[in-house]
Each structure stands twice: as structure tokens, then as C-alpha cells.
Amino acid sequence: MSSGIVATLARSYASSTPQRLKAIDAYMAFCVAVGVLQLAYCVLAGTFPYNAFLAGFGSAVGCFVFAASLRIKTDPRNARQFGGAPEAAFAEFVFCHIALHFVVSHFLG
Amino acid sequence: MRLWALCGLAALCGVARGEVAATGVVVRVVERTGGALFEQALAHPATLDAVPTIKASAPLVVDFGARGADGAAVELDQALVSLQHADTGAEAVFAARPAKGGQYRASVAPKDIRRQLGSAPGRYRVALVLGSFEHGGLVYELGVADVAGKARPAPRPALGPKPEIHHRFAEPQRMPNAAVSVLFAALVAAPLAGLLGAWARLGVNVANLKRERAGSLAFMALVSTYMALAAAYWVGIRLLPMLGYTLALALPTYLVGQYALSRRIEWSHE
């Protein structure tokens with residue numbers, strides 16, 4: 001039963017999701033994987049140095065959040081609500097990343 | 001010695017004028033529980049018949065009053081009980097407190113003597129020292145009493161350097177094996193290969209860059225420069241120079257990005 005639901009979901013996702021959104025989803029999955037691996041290292045090997053863990057994990061979380069925002073704004077189904085061009089959303093995405101990574105590099109120590 | 005000089009002066013005044021007399025003098029050694037181990041009433045110049053022993057659990061209590069030459073009760077300006085060590089001559093003086101009916105009471109325990117003289121058990125001469133500015137003074141030798149206790153030498157101050165302080169700093173954090181750190185670094189980098197593979201499968205490519213090559217390349221170069229600046233800040237550049245470079249790159253990046261992305265919007269509507 002559950003495998004049928006998952007298969008239906010996967011087929012619907014593959015057929016109805018635009019290529020651009022799939023690329024963003026792949027990037028978000030990448031951010032989750034990186035964050036989980038860093039967390040696993042922290043659990044296994046300890047938190048030292050803690051600032052480096054916070055920087056790396058914060059980077060993964062921040063990138064995920066910005067990608068989620070980009071996905072929402074570039075989804076054609078939300079065009080009426082947000083109105084702006086996807087390129088404008090991408091420009092915001094780039095600016096947020098620049099600011100985030102300056103903070104991350106400051107925290108790395 | 002100074003105290004005895006003052007008491008002597010008061011006594012001389014008393015001898016000269018002889019106007020203060022001690023009345024109702026009662027010397028007791030009383031258990032803390034209330035029982036009297038020794039009790040004797042005295043009239044000047046009589047002295048104690050026996051030698052009472054003052055202990056920690058049984059202090060010496062002296063009750064007395066005073067009257068003037070006219071027989072009226074006198075309010076004393078000085079009401080002291082003096083204990084002088086028979087061997088060393090060291091003296092401890094205790095003030096009596098006013099009690100009911102114009103009487104005075106002094107209570108002396110070994111710990112009170114220790115506060116003034118240190119640990120000095122032995123035989124003491126007990127005296128009552130009374131004084132009044134108006135009526136004169138009196139020194140009444142009551143007798144002798146023994147103070148029980150162990151003789152302990154007075155603590156001598158040790159002058160010299162204190163022991164060296166050895167700081168105990170925090171232990172360095174235990175780091176995992178280098179192989180574990182390298183393994184996890186490789187594991188964290190691995191999803192990047194997965195991402196690039198997923199993008200390749202989705203057909204993500206840079207073919208559309210040809211439509212606006214200069215602007216797109218310039219924009220990506222400037223964004224890459226920002227990321228390199230962040231890496232350089234982590235490695236060594238200080239904050240203020242880094243902020244200066246960031247500010248210098250901000251306007252070109254904005255203008256180039258605005259141009260490149262506007263061109264993309266234009267040809268996407270074509």
C-alpha cells in the first residue's frame with residue numbers, strides 16, 4: 001500500500017514538476033545530505049571545534065532555506081502571488097548566499 | 001599595666017574618699033544546666049574561703065551592687081571583674097552588666113579569658129573594680145580561682161612565601177583519529193558528485209549562456225570573486241580590508257547582474 005503511494009507520488013513528481021524546480025530540489029537534497037553528514041560526524045566524534053560545526057551546519061541549513069525560497073518564487077503555480085521574474089528571485093538567492101557565506105567564513109575560525 | 005594604673009587611680013580615689021562600697025557580693029560557679037558548684041556571699045573586705053574552679057561548662061558569676069557614703073545605691077561608671085594570672089601576671093578584665101534592682105552581674109568563662117589572654121589555664125586573682133566619678137572607686141580583692149583547660153601555645157604567625165600556585169589548565173580536547181576526519185570530509189564532499197550527476201540527468205546545462213555570454217560570465221566571475229573573498233577572509237585577510245573589497249565589488253556586481261539578468265528576461269519573453 002505504502003509502496004504504491006510512494007510510486008504514485010514519484011510518477012506525479014516526475015511528470016508534473018518543471019525541470020527548473022527539479023534542479024532546485026536536487027540542490028536542496030544536497031544541502032540536507034551535507035547537513036546530516038556533518039551532524040553525524042558531530043555526534044560520533046564530538047563537538048570540538050564547535051564553531052566550525054555551527055558554521056558548516058548553519059551553511060547547509062541556510063542554503064536549504066534560500067533554495068526553498070527560490071523554489072517557491074520560481075514555481076509557475078505561485079506566479080500570481082509573487083509576480084516577479086524568476087531572474088529576480090535568483091538575484092536575491094545569490095545575494096543571500098554571499099551574505100551567508102561571509103558569516104560562515106567568519107564563524108569557521 | 002595601663003588598666004591597672006587607672007584602676008589604681010580609682011582605688012586611690014576610693015581610699016582617699018572611701019565613698020563607694022560593694023554590697024550584696026555573691027560569687028558563684030554555676031553549671032550551664034543551672035546547678036551551683038560553688039557559692040559564697042562576701043562582705044568587703046572578706047575573701048573567698050575556697051578556690052572555685054572555672055570550667056567551660058561552669059563559668060564564674062559575680063553579682064554585686066554599690067552604695068555611696070550616704071547608703072544610697074550608686075549607679076557605677078565602672079564595674080569590672082579583673083582576673084590576673086598568678087604566675088604570668090597577665091590580666092583579663094570583664095565588664096559587668098546592669099541587672100535588676102540596681103545590681104550588676106559579670107559572667108566569666110574560660111573562652112572569655114582565652115579571647116584576651118590566649119589559652120592560659122591556672123590560678124587567677126579575682127578582683128572587683130568599681131568606680132564612680134561622683135563617689136570614687138573601690139578595688140575589692142575577692143580571692144583566687146582556678147581556670148581549667150589545656151595550655152596551648154599561642155599560634156605564631158608564619159611569615160614567609162606562600163606555597164607556589166600550580167595552575168591547572170584545561171586538558172586539550174581529544175580529537176578523533178585523523179582517518180575519521182578525512183573519511184567524513186570525503187563523505188561530506190560526496191553529495192556534490194550526486195548533485196552534479198542529478199543535474200546532468202535532468203539536462204541542466206549552460207547552453208543558454210551563449211545568448212548573453214559576456215554579461216553572464218562577468219556576473220558569475222564577480223559572484224565567484226565574492227566567494228573567493230570569503231575564503232580569503234577565513235584564511236588570512238582581516239575584517240576591515242575584506243569589507244573594503246566587498247564594498248568595491250558591490251556596485252560592479254549589481255550593475256553586471258542587473259544587465260545579465262535583464263537580458264535573460266528579455267529573450268525569455270521573445
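Worth knowing before you read on, the calculation uses all heavy atoms, side chains too, and leaves out hydrogens, waters and symmetry mates. Note on naming: letters A, B, ... go to the chains in the order of the sequence lines (proteins, then strands), and numbering restarts at 1 for each one.
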Honestly, the part of A/Ala85 sitting under 4.5 Å from a heavy atom of chain B is side chain
Identify all side-chain donor-acceptor contacts of residues 238-251 of chain B below 3.5 Å with residues at least two apart in sequence or on another chain.
from: B/Thr246; atom 1: OG1; to: B/Met242; atom 2: O; distance (Å): 2.7

Is it the backbone or the side chain of B/Leu192 that comes under 4.5 Å from a heavy atom of chain A, or both, or neither? both
Per-residue contact mode, B/Phe219 against chain A (heavy atom under 4.5 angstrom): side chain
Which pairs with one or both residues in residues 76-86 of chain A pass salt bridge (Lys or Arg N to Asp or Glu O under 4.0 Å), sequence neighbours excluded? A/Asp75-A/Arg77
Surrounding CZ of A/Phe107 (heavy atoms of other residues, nucleotides or ligands, distance under 6.0 Å), is the total greater than 12? no
Check the surroundings of atom OH in B/Tyr254: do more than 12 heavy atoms from other residues, nucleotides or ligands lie under 6.0 Å from it? no
Max heavy-atom pairs within cutoff under 4.5 Å with chain A, candidates B/Leu187, B/Leu202, B/Val204, B/Thr253, goes to B/Leu202
Under 30°, 30 to 60°, or over 60°: which ring-plane class applies to A/His106 and B/Tyr233, parallel, tilted or perpendicular? parallel
Heavy-atom neighbours of A/Phe95 CZ exceed 12 at 6.0 Å: no
For chain B, find its close neighbours in residues 34-52 of chain A: heavy-atom separation under 4.5 Å, sorted by number, or none. A/Val34, A/Leu37, A/Gln38, A/Ala40, A/Tyr41, A/Leu44, A/Ala45, A/Phe48
Can you confirm whether more than 12 heavy atoms, excluding those of A/Lys22, are under 6.0 Å from its NZ atom? yes
Where on A/Phe90 is there a heavy atom nearer than 4.5 Å to chain B: the side chain, the backbone, both, or neither? side chain
Surrounding CZ of A/Arg20 (heavy atoms of other residues, nucleotides or ligands, distance under 6.0 Å), is the total greater than 12? no
Partners passing side chain to side chain contact (heavy atoms under 4.5 Å, CB included) against B/Trp234 (at least two apart in sequence or in another chain): A/Ser105, A/Leu108
